[in-house]
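Heavy-atom basis, side chains included; hydrogens, waters and symmetry copies ignored.
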Amino acid sequence: MTQDKLKQAVAISAIDYVIDGEIIGVGTGSTANFFIDELGKIKHRIKGAVASSEATAARLASHGIPVYDLNEVTEIAVYIDGADEINAAGHMIKGGGAALTREKIVASVAKQFVCIADGSKLVETLGKFPLPVEVLPMARNAVMRQLAALGGQPKVRTKAGSEEIFVTDNGGNIIDVSGLVITDPVALETRINQIVGVVAVGLFAARGANVCLLGTPDGVRTVKY
Ligand code: 5RP
């Protein structure tokens, strides 16, 4: 089975977590895109969605799903999103798609975080996937020095196939930190959050997933935390 088929299978399963009449928080990335396409098929059952990126907002709107600004919403029943890595405790690395800050904000308002991922995302120890950190542009080099002091190899993200520095939906830049072996995700998340100039770190550990739907060749595995 292809990785895309596994992503589609978990996206279909995630529809079971959608609560009728509610506003759904929606993540960003290829797995989230499969989910949005499934959500489009049952859009009459929901009130609308809060998007974690401009790309997700555009895809939701293309399906005719009402997109709410987070400021209009006091409660989100469920947030559904992919991950770059997830461990046995439901801690995740996210931000491969550069939407980590908005993803973290929308997830923080949600009662339940449902992670949808193909089985390759399940890891014993987080850190093989370079950890994304969003920073204010003026703090880029200062933050990189501090991330290097934590033992990682930081690199500024550039636009695909170009030397131009990538700019997020928020006007920030992304530093991808490789070489970290993250044995205490909550502690590292807290530590990086304390670096001045950091907007958000792509470690979702203090608020991890409540459920993960993992796509495997034998079917969708549900893991609860
Ligand atoms: C975007 C994310 C995505 O959830 C993560 O990168 C996984 O993406 P995909 O579903 O394409 O594998 O955090 O910022």
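At a threshold of 4.5 Å between non-hydrogen side-chain atoms, the residues Val198 and Leu147 do not count as touching. Residues Asn87 and Thr125 are not in side-chain contact: their nearest non-hydrogen atoms beyond the backbone lie 4.5 Å or more apart. With a 4.5 Å cut-off on side-chain heavy atoms, Phe113 and Met92 count as touching. Using a 4.5 Å cut-off on side-chain heavy atoms (C-beta onward), Phe204 and Lys104 make contact. Using a 4.5 Å heavy-atom cutoff, the side chains of Tyr225 and Ile86 are in contact. Side-chain contact between Val133 and Val135 is present, with heavy atoms from C-beta onward closer than 4.5 Å.
Listed here is the closest heavy atom pair of Pro132 and Ile174: CB-CG2, 4.0 Å. A pairwise comparison of heavy atoms in Ile19 and Ala77 identifies CD1-CB, 3.7 Å as the closest pair. Of all the heavy atoms in Ala110 and Tyr79, the pair that sits closest is CB-CB, 3.5 Å. Shortest non-hydrogen contact noted between Val109 and Glu75 is CG1-CA, 4.3 Å. What you find for His63 and Lys43 is that their closest heavy atoms are O-NZ, 2.8 Å. Between Thr56 and Gly27 the shortest heavy-atom distance is OG1-O, 2.7 Å.
Judged by distance alone, with hydrogens and angles left aside, the side-chain atoms of Asp69 form a donor-acceptor pair with the main-chain N or O of Asn71 at under 3.5 Å. Lys128 places no side-chain N or O within 3.5 Å of a backbone atom of Ser178 that could act as its donor or acceptor partner. Remark: the backbone N or O of Thr158 is not paired with any side-chain donor or acceptor of Ser162 at under 3.5 angstrom.
Here the CD-OG distance, from Glu103 to Ser52, works out to 4.5 Å after rounding to the nearest 0.5 Å. Taking CG of Asp81 as the reference point, atom OG of Ser53 lies at 9.0 Å (rounded to 0.5 Å). With rounding to the nearest 0.5 angstrom, the CE atom of Met144 is 9.5 Å from the CG atom of Asn173. Summarising the geometry, atom CG belonging to Leu188 is positioned 9.5 Å from atom CG belonging to Leu126; distances are rounded to the nearest 0.5 Å. Atom CE of Met1 is separated from atom CG of Asp218 by 9.0 Å, given to the nearest 0.5 angstrom. Note: Lys155 NZ to Ile175 CD1 = 12.0 Å, rounded to the nearest 0.5 Å.
Val201 and Val199 fall into different hydrophobic clusters, where Ile, Leu, Val, Met, Phe, Trp and Tyr side chains are chained together by heavy-atom contacts under 4.5 Å. Under the 4.5 Å side-chain heavy-atom criterion for ILVMFWY residues, a single connected hydrophobic cluster contains both Tyr68 and Val106. Grouping the Ile, Leu, Val, Met, Phe, Trp and Tyr side chains by contacts below 4.5 angstrom, directly or via other members, places Ile192 with Val156. There is no path of hydrophobic side-chain contacts, each under 4.5 Å, that joins Leu100 to Leu203. A continuous path of ILVMFWY side-chain contacts below 4.5 Å connects Ile182 to Val143, so both sit in one hydrophobic cluster.
The pair Lys121-Asp84 fails the salt-bridge criterion, with no side-chain N (NZ, NE, NH1 or NH2) lying under 4.0 Å from an Asp/Glu carboxylate O. One finds no salt bridge joining Glu189 and Arg207 here, because no Lys/Arg side-chain nitrogen approaches an Asp/Glu carboxylate oxygen to under 4.0 Å. Ion pairing between a basic and an acidic side chain is recognised when a charged N comes within 4.0 Å of a carboxylate O; Glu22 and Lys47 show no such pairing. With respect to the salt-bridge test (charged N to carboxylate O, under 4.0 angstrom), the residues Asp118 and Lys5 do not qualify.
Around CZ of Arg45, the count of heavy atoms belonging to other residues, nucleotides or ligands within 6.0 Å exceeds 12. The 12-atom threshold is not exceeded at CD of Glu124, counting heavy atoms of other residues, nucleotides or ligands nearer than 6.0 Å.
Judged as a salt bridge (charged side-chain N to carboxylate O under 4.0 Å, His left out), the pairs with a partner in residues 174-185 (not counting sequence neighbours) are, in order, Arg157-Asp176.
Under a cutoff of 6.0 Å and an axis angle of 45°, Lys159 and Phe166 do not form a cation-pi pair.
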Evaluate the criterion side-chain contact (heavy atoms from CB on, under 4.5 Å) for residue pair Ile165 and Arg140; output intermediate values, then yes/no.
CA-CA 11 Å; Ile165 293 176; Arg140 222 167 33 230; 3.6 Å; yes
Stepwise, does the side chain to side chain donor-acceptor pair (under 3.5 Å) test hold for Lys7 with Ser30?
CA-CA 8 Å; Lys7 289 179 182 186; Ser30 57; 2.8 Å; yes
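Side-chain atoms of Glu134 and Thr101 include a donor-acceptor pair closer than 3.5 Å.
Apart from Phe35 itself, the hydrophobic cluster it occupies contains Val10, Ile15, Tyr17, Val18, Ile24, Val26, Ile36, Leu39, Ile42, Ile46, Leu60, Ile65, Val67, Val78, Ile80, Val114, Ile116, Val211, Leu213, Val220, where clustering links Ile, Leu, Val, Met, Phe, Trp and Tyr at side-chain heavy-atom distances under 4.5 Å.
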